[in-house]
Amino acid sequence: MPPHHPHHPDGTLAVAASTWAVFETNSDTALAPALQQLWADAFSEWFPSNPYETIPGPEILTVTETSLDWTSGAGELWIPVQRIR
């Protein structure tokens, strides 16, 4: 793979340094809907009321904890941002 390619053979992704808005969720009953709501809340509530905008780059959703059946757990949504001047 060329060295400039963002994907590495070990499965990691090279991401440029950035400022990130990080949103977290925890759900005891419905993880998938909670993760979907995290996206909705970020763009319908947080961005309109804060002096930041998205910038090009990966939006990263990670599941940080799960139950064995994936019905409950926790996750984070990372969105690259810049302050609006």
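Two residues are said to be in side-chain contact when any heavy atoms from C-beta on lie closer than 4.5 Å; S18 and I55 meet this criterion. Within the 4.5 Å cutoff, the side chain of P58 has heavy atoms near those of the V15 side chain. Inter-residue side-chain proximity for W46 and Y52 is flagged as met; some heavy-atom pair is nearer than 4.5 Å. Using a 4.5 Å cut-off on side-chain heavy atoms (C-beta onward), T64 and E76 make contact.
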Just list the side-chain donor-acceptor pairs under 3.5 Å for residues 29-44, sequence neighbours left out, or say none.
residue, atom, partner, partner atom, Å
Q37, NE2, D41, OD1, 2.7
S44, OG, A40, O, 2.7

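Cluster membership check: F23 shares its hydrophobic cluster with L61, using side-chain heavy-atom separations under 4.5 Å among Ile, Leu, Val, Met, Phe, Trp and Tyr. Both W70 and L77 belong to a common hydrophobic cluster when Ile, Leu, Val, Met, Phe, Trp and Tyr are linked at side-chain heavy-atom distances under 4.5 angstrom.
The CD atom of E59 lies 5.0 Å from the CD1 atom of I79; values are rounded to the nearest 0.5 Å.
In this structure, T66 contributes its side chain and G73 its backbone to no donor-acceptor pair below 3.5 Å.
For T71, the side chain to side chain contact (heavy atoms under 4.5 Å, CB included) criterion is met by S67, D69, not counting sequence neighbours.
Here the closest non-hydrogen pair linking S27 and S72 is O-CB, 3.1 Å.
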